[in-house]
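This structure is a prediction, so every number in the text was calculated from the model and none was measured. Reminder, nothing fancy here: chain letters follow the sequence lines and each chain counts from 1.
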Number of protein chains: 2
Amino acid sequence: MMKTDSNGLPSVQQLNGTFEIANPCAACDVRTRAVCAALSNAELTELSQHSRHKDLSAGDTVFFEGDPAEAYYVVMDGALKLYKLLADGRRQITGFLFKGDFVGLAFHTDHIFTAEALKSSKLCQLPKQKFENVADHAPQLGHRLLTLASAGIASAQEQMLLLGRKTAAERLASFLLWLSTVQGREAAKPLDRISVPMSRADMGDYLGLTVETVSRTVTKFKTSGLIRLCDHNEIEICDRETLSSIADGEDLS
Amino acid sequence: MMKTDSNGLPSVQQLNGTFEIANPCAACDVRTRAVCAALSNAELTELSQHSRHKDLSAGDTVFFEGDPAEAYYVVMDGALKLYKLLADGRRQITGFLFKGDFVGLAFHTDHIFTAEALKSSKLCQLPKQKFENVADHAPQLGHRLLTLASAGIASAQEQMLLLGRKTAAERLASFLLWLSTVQGREAAKPLDRISVPMSRADMGDYLGLTVETVSRTVTKFKTSGLIRLCDHNEIEICDRETLSSIADGEDLS
DNA sequence: CGTCGCATTGACTCTATTCAATCCGGGTGG
DNA sequence: CCACCCGGATTGAATAGAGTCAATGCGACG
C-alpha cells in the first residue's frame, strides 16, 4: 500500500501515519496557522470535500455588506480589506487580512462588511453549513474560533483607541508597526522592510484620516528619518524605537 | 430530605423537578439572558459553587488594564464602563456593559482594559479556571460564547465606523439610539425614555469627542426638539426618525 | 448656605479636511 | 522610441469642525 512520490520528495500524503490520498488540505500552505490547524486529518478530509478555492484579482469583491452569508473563508495567499460604508460614501476599513487569516466571525445571517482583494489572492471557501457541522462536532475547532474571536475583539479595541484618541502621526506609526508585526508572523519577528499592498486612500479609510493627511504624515516620517520609501510599495522602518514611542503617544515632538 | 421555605413562597430550589438546594443561580435575575442560559442545571450547580457575588459602588474598579485575568464576570445589575488609557492619560472607553452582559472575551492572560462601575452594581464572579473547565465540557456554552464574541466584533466594527468617519452629531445620535436599544432589551423594543448613567466625559471618551463637544451637541439636539432632558439623568427621544437618519449619515442639516 | 463636581457656554486655536494644482510612474499606442 | 494618458501620490492654500482654555451655571449634598 505504500505510495512514493514520483519526484522523490517526502509525500505530504503520508502525514500522521495514514494515507490522505486526495486531501488537498494536507498540502495547504497555511494549514498550520489557519483555523484548520485545529482539525484532525479526518475532519479535514470531510471538510475539504466541500471546500473550493477561489482566485481573485486586485479589486475583486468576495461579498458585499448586506449579502446573505453563505460561506467562511481562509486567506491562502494575498491580502483583503474589509469595509463598511455610510450612505454618502464615507468608508471605514475595519480590517486587513493576510495569508492564514480567517473570514467568518462577526456574521450570522448577513455580512456586515464588504470584503475585497487588495491584490491577486487565493481563498479557500468553506460552505457555511458544512463548516458549522464540522465545528459542532470538533470542540478543538470551537475553541480555536473562540481564541480567534477573542483576539479579534482585542485588536478591535486597540483600533478604537487609535480612532478615538490618537493623532494622525500616532495612527500612522501604530499602523506601520502593526504591518511589520503581521508580515513578520512567519518569521516570528517583526520585519523591518514591509510591503504595503494598500493605497494611501485605503490607509486613510482604515486610520480615520484623509488621503492627504496620510501622505503628509508619511512624508514627515520620511523627512525625520523614521522610515524610508523603497520601490514596489515597500517601506523600510529605520527607527523602530521612536516609531513605537510615537505610536504609544509618548512622544510629542 | 424535603426542605420547605420558611416564608412559604414557592421554592426556587424546586425548579426542573429536581431539588437544587443551595443553587443561587436558579433564582438569578439575569439567568435567562446571560451566558448562563446555555448551561444545564447540573453545570450551573457545579459553577455556582465557585461563583461569588461582588457589590460595587459607583467608581469602583473591577480590574485594571494589565492585571492578570483571574475571573469572568456577569453583570447582574448596574452598569460598567471598559476603557483603555494612553501614556498621557487620554482615554478611550471601548464599551458599556449592562444587566446580563458578560465580561470575559478578549483576554487570555492579562486584562486589556480597565473595568469600572458607573453606578452601584452587582457582579457574579466566575473563577477563570473553573469557568473554563465547565466550558470545555459544555459545547452549548462554547457555542454561546462564540455567538457573544461574534456580536462583540460586529458592534466593535460599527464603533470603528463611528469613530473613524462620523461627525459629532452622527456619533451622539448613534449613541442615544444604541442606549435606547440596549435599555429596551428586556421589553424587546427600543425605549423612548432612556437613563444615562454615564457622565458627559464618559460619553466623550466613548465617542472620541471632548466633554464640551458632547455637551454642545446635546444642547443642539435639545434645541432642535430631537430630544428632551429630564430629571435624574434621563433623556427622552422625541424624534427617533430624524435621529436615525442623522446617525446613519443621511441627514446633513 | 456654601461647597464640590459636573455641565454648559463662550472665545479662540489648531489639527485635519477640503479644494485644487502638480507630480510621478507605469502602461499604451502611434 | 517617445509622447500621451491615467490613477495614485504629493504638495499647497484656505477652511471648518472639533479641541482647548476659561468662565459661569446648576444641582446635590453636607
Side-chain angles (χ1 to χ4, degrees), chain A residues 57-59 81 86 88-93 118-119 162-173 175 195-224 227-235 246 249 252-253, chain B residues 57-59 81 86 88-92 118-120 162-173 175-176 195-224 227-235 246 249 251-253:
Chain A
S57 304
K81 63 183 173 198
L86 285 174
D88 62 1
R90 276 174 287 170
R91 189 176 67 149
Q92 178 66 38
I93 292 183
L118 286 172
K119 58 177 183 180
L162 181 150
L163 292 169
R165 289 300 178 218
K166 290 189 182 178
T167 65
E170 290 164 356
R171 294 180 198 203
L172 182 65
F175 176 69
S195 91
V196 183
M198 63 288 287
S199 68
R200 294 288 185 268
D202 286 339
M203 290 169 59
D205 283 344
Y206 182 59
L207 300 174
L209 301 169
T210 57
V211 194
E212 295 93 329
T213 302
V214 171
S215 184
R216 274 185 253 269
T217 312
V218 166
T219 304
K220 210 183 301 172
F221 280 4
K222 192 178 56 179
T223 310
S224 318
I227 61 173
R228 211 165 56 80
L229 300 195
C230 317
D231 289 344
H232 310 302
N233 294 325
E234 290 200 331
I235 291 182
I246 292 176
L252 303 177
S253 66
Chain B
S57 305
K81 62 183 172 196
L86 285 172
D88 61 0
R90 275 174 287 170
R91 187 176 69 149
Q92 179 66 38
L118 287 173
K119 58 177 183 178
S120 68
L162 180 151
L163 292 169
R165 289 298 177 219
K166 290 189 181 177
T167 65
E170 290 163 357
R171 294 180 198 202
L172 182 65
F175 176 70
L176 292 175
S195 91
V196 183
M198 63 288 287
S199 68
R200 295 289 185 267
D202 286 338
M203 290 169 59
D205 283 344
Y206 182 61
L207 300 173
L209 301 169
T210 57
V211 193
E212 294 92 331
T213 302
V214 171
S215 184
R216 273 185 255 269
T217 312
V218 167
T219 304
K220 209 183 303 172
F221 281 4
K222 191 178 56 180
T223 310
S224 316
I227 60 173
R228 212 166 56 81
L229 301 195
C230 317
D231 289 344
H232 310 301
N233 295 324
E234 289 199 331
I235 291 183
I246 292 176
D251 197 322
L252 304 176
S253 63

Participant: What protein N or O atoms touch nucleotides 15-18 of chain D N or O atoms at under 3.5 angstrom, if any, and at what distances?
Facilitator:
| from | atom 1 | to | atom 2 | distance (Å) |
| --- | --- | --- | --- | --- |
| D:dA18 | OP1 | B:A168 | N | 2.8 |

Participant: Tell me whether B:E234 is salt-bridged to B:R228, with the criterion being a basic N under 4.0 Å from an acidic carboxylate O.
Facilitator: no

Participant: Could you tell me how far apart A:D231 (CG) and D:dG8 (C1') are, to the nearest whole angstrom?
Facilitator: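 The distance from CG of A:D231 to C1' of D:dG8 comes to 16 Å, rounded to the nearest Å.
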
Participant: Which residues satisfy the salt bridge (Lys or Arg N to Asp or Glu O under 4.0 Å) test with B:R216, sequence neighbours excluded?
Facilitator: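 B:R216 satisfies salt bridge (Lys or Arg N to Asp or Glu O under 4.0 Å) with no residue once adjacent residues are dropped.
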
Participant: How sharply is the helix from C:dC1-D:dG30 to C:dG30-D:dC1 bent, taking the axes over five pairs at either end and rounding to 10 degrees?
Facilitator: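 Terminal axis comparison yields 20°.
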
Participant: Round to a whole Å and report the spacing from CZ of A:R165 to C1' of D:dT20.
Facilitator: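 It is 13 Å, rounded to the nearest whole Å.
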
Participant: Give me the first and last nucleotide of DNA chain C, going 5' to 3', that has any atom under 4.0 Å from a heavy atom of chain B.
Facilitator: C:dA7 to C:dA11

Participant: Closest approach of B:R165 and A:R90, non-hydrogen atoms and distance?
Facilitator: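 That would be O-NH1, 2.9 Å.
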
Participant: To the closest 0.5 Å, what do you measure between OG (B:S215) and CG (B:L172)?
Facilitator: 10.5 Å

Participant: Drop me the distance from A:K222's NZ to A:I235's CD1, to the nearest 0.5 angstrom.
Facilitator: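 Spacing of NZ (A:K222) from CD1 (A:I235) equals 9.5 Å.
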
Participant: Restricting to non-hydrogen atoms, name the atom on A:L207 and the atom on A:L162 that form the minimum distance, rounded to 0.1 Å.
Facilitator: CD2-CD2, 4.0 Å

Participant: Pick one: which of B:R91, B:K81, B:Q92 meets side-chain hydrogen bond (donor to acceptor under 3.5 Å, both in side chains) with B:D205?
Facilitator: B:R91

Participant: Kindly give the heavy-atom pair with the smallest separation between A:T213 and A:A168, and that separation in Å.
Facilitator: CG2-CB, 3.8 Å

Participant: Taking any heavy-atom pair under 4.0 Å as a contact, classify B:L207: base, sugar-phosphate, or nothing.
Facilitator: nothing

Participant: Tell me, please, which residues at least two apart from A:E212 pass salt bridge (Lys or Arg N to Asp or Glu O under 4.0 Å).
Facilitator: none

Participant: If you take all heavy atoms of A:L118 and A:D202, which pair is closest and at what distance?
Facilitator: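 Of all heavy-atom pairs spanning A:L118 and A:D202, the closest is CD2-OD2, 3.4 Å.
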
Participant: Would you mind reading off the distance between A:I227 atom CD1 and D:dA9 atom P, rounded to a whole angstrom?
Facilitator: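 For the pair A:I227 CD1 and D:dA9 P, the rounded distance is 14 Å.
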
Participant: For a quick check of understanding: with a heavy-atom distance under 4.0 Å over all strands, which category does A:S215 fall into, base, sugar-phosphate or nothing?
Facilitator: base

Participant: Of all heavy-atom pairs between B:R200 and B:V211, which one has the smallest distance, and what is that distance?
Facilitator: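 Taking B:R200 first and B:V211 second, the nearest heavy atoms are CB-CG1, 3.8 Å.
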
Participant: Heavy atoms under 4.0 Å is the rule here; annotate nucleotides 21-30 of chain D 5' to 3' with B where the base is hit, S where only the sugar-phosphate is, and - elsewhere.
Facilitator: B---------

Participant: What pair of heavy atoms forms the shortest contact from B:F221 to B:L176, and how long is it?
Facilitator: CD2-CD1, 4.2 Å

Participant: So how far is it from A:S224 OG to A:I246 CD1, rounded to the nearest 0.5 Å?
Facilitator: 7.5 Å

